Amino acid sequence: MSQRVQLQTSKGDITIELDDAKAPDTTRNFVEYVQSGHYDGTVFHRVIPGFMIQGGGFEPGMKQKPTRAPIQNESHNGLTNDHYTIAMARTSAPHSATAQFFINATNNGFLNKAQSQDGWGYAVFGKVVAGTEVVDAIEGVKTGRSGGHGDVPLEDVVIVKAVLLD
């Protein structure tokens with residue numbers, strides 16, 4: 001059975017269906033962050049039109065939240081970085097994903113394990129099943145620099161609450 005999570009954002013609701021069959025560790029990690037309230041009050045802190053919207057790690061004012069230990073990269077699971085899929089964000093180290101995630105705003109094949117430069121890629125673990133128009137609205141916000149980061153929305157786009165639906 002696939003679990004669903006609703007991200008209640010300041011721009012509307014996004015419902016994500018998680019693929020715990022193909023990405024069990026990543027799904028479990030994401031659900032634990034949802035259940036602990038980690039995502040509540042965080043912002044989409046990196047928005048790049050035609051690429052992706054990223055969130056899960058910062059509170060308003062670019063204040064980084066503490067996270068649990070990183071998880072293993074499950075990019076070998078056969079899921080691909082297609083439009084409206086959700087994947088784990090990470091540093092250049094393949095197994096560095098913690099709480100941050102991104103929603104693909106287009107087909108980003110170069111992020112898949114097979115096409116990636118580092119041979120790992122980014123682990124997809126679900127897809128948006130409702131609220132694609134909200135993803136599009138977030139993708140369209142004006143961005144600038146904040147706290148040493150680029151592509152930051154000038155007006156906070158807040159994940160008010162993340163809720164496990166079933």
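Worth saying up front: this structure is predicted, and the values here are computed from it rather than measured. When a residue number appears, it is its place in the shown sequence, counting from 1.
- Smallest separation of non-hydrogen atoms from Ala162 and Leu7: CB-CD2, 3.8 Å.
- Side-chain heavy atoms closer than 4.5 Å link hydrophobic residues (I, L, V, M, F, W, Y) into clusters, and following such links, possibly through other members, connects Tyr122 to Phe110.
- Ring-centre distance between Tyr39 and Phe30: below the 6.0 Å cut-off.
- Ile53 CD1 to Ile48 CD1: the interatomic distance, rounded to the nearest 0.5 Å, is 11.5 Å.
- The line from OG of Ser10 to CZ of Phe44 is 9.0 Å long, rounded to the nearest 0.5 Å.
- Nearest approach of Ser75 to Ala123, heavy atoms of both residues: N-CB, 3.7 Å.
- Connection of Val135 to Val160 is not established within any shared hydrophobic cluster, with ILVMFWY side chains joined at heavy-atom distances below 4.5 Å, either directly or through further cluster members.
- A salt bridge is defined here as a Lys NZ or Arg NE, NH1 or NH2 lying under 4.0 Å from an Asp or Glu carboxylate O, and Arg4 with Glu17 fails to meet this definition.
- A cation-pi geometry, defined here as NZ or CZ lying under 6.0 Å from the six-membered ring centre and within 45° of its normal, holds between Arg68 and Tyr33.
- Counting heavy atoms from C-beta outward, Ser2 and Leu18 have side chains that stay 4.5 Å or more apart.
- Listed here is the closest heavy atom pair of Asn77 and Ala23: ND2-CB, 3.6 Å.
- A single hydrophobic cluster is seen to contain both Ile159 and Ile86, as judged by linkage of ILVMFWY side chains at heavy-atom distances under 4.5 Å, directly or through other members.
- Taking 4.5 Å as the limit, every side-chain heavy atom of Met52 sits out of range of all side-chain heavy atoms of Asn81.
- Heavy-atom contacts from other residues, nucleotides or ligands closer than 6.0 Å to NZ of Lys113 number more than 12.
- From Asp25, atom CG reaches atom CG of Asp20 across 11.0 Å, with rounding to the nearest 0.5 Å.
- Side-chain atoms of Asn107 come within 3.5 Å of backbone N or O of His83 as a donor-acceptor pair.
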Worked verdict on Leu111 versus Phe102 for side-chain contact (heavy atoms from CB on, under 4.5 Å): CA-CA 12 Å; Leu111 297 178; Phe102 62 92; 3.8 Å; yes
Verdict with reasoning, Gln54 to Asp151, per side-chain contact (heavy atoms from CB on, under 4.5 Å): CA-CA 10 Å; Gln54 183 173 332; Asp151 306 307; over 6 Å; no
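- The shortest distance between side-chain heavy atoms of Glu74 and Phe125 does not fall below 4.5 Å.
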Residue pair Ile14, Ile138: steps toward the side-chain contact (heavy atoms from CB on, under 4.5 Å) verdict: CA-CA 11 Å; Ile14 301 168; Ile138 295 169; 4.1 Å; yes
Criterion side-chain contact (heavy atoms from CB on, under 4.5 Å) on Val158 and Val43, from CA distance to verdict: CA-CA 4 Å; Val158 181; Val43 294; 4.0 Å; yes
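- Criterion: ILVMFWY side-chain heavy atoms under 4.5 Å apart, direct or through other members. Under it, Val124 and Ile16 are not part of a common hydrophobic cluster.
- Asn112 contributes no side-chain N or O that, together with a main-chain N or O of Ala114, makes up a donor-acceptor pair within less than 3.5 Å.
- Under the 4.5 Å side-chain contact rule for hydrophobic residues, Phe58 and Phe101 do not share a cluster.
- The closest side-chain heavy-atom distance from Thr85 to Leu79 is not below 4.5 Å.
- Annotation for Val47 and Pro153: closest pair CG2-CG, 3.6 Å, computed over non-hydrogen atoms.
- Atom OG1 of Thr132 sits about 11.5 Å away from atom CD of Glu139, to the nearest 0.5 Å.
- Proximity of His95 to Trp120: side-chain heavy atoms (C-beta onward) are separated by under 4.5 Å at one or more points.
- To the nearest 0.5 Å, the span separating CE on Met88 from OG on Ser96 amounts to 9.5 Å.
- Without hydrogens or angle criteria, Thr9 side chain to Lys11 main chain gives a donor-acceptor distance under 3.5 Å.
- Closest of all the heavy-atom pairs between Asp156 and Pro60 is OD2-CB, 3.2 Å.
- Listed here is the closest heavy atom pair of Ala99 and Thr67: CB-CG2, 3.9 Å.
- Using a 4.5 Å heavy-atom threshold, the side chains of Lys142 and Glu155 count as separate.
- From Asp19, atom CG reaches atom NZ of Lys127 across 7.5 Å, with rounding to the nearest 0.5 Å.
- For the pairing with Gln100, the side chain to side chain donor-acceptor pair (under 3.5 Å) check across His45, Arg90, Lys65 returns one residue only, His45.
- When side chains are defined from C-beta on, Ile71 does not count as touching Arg28, because their heavy atoms never get closer than 4.5 Å.
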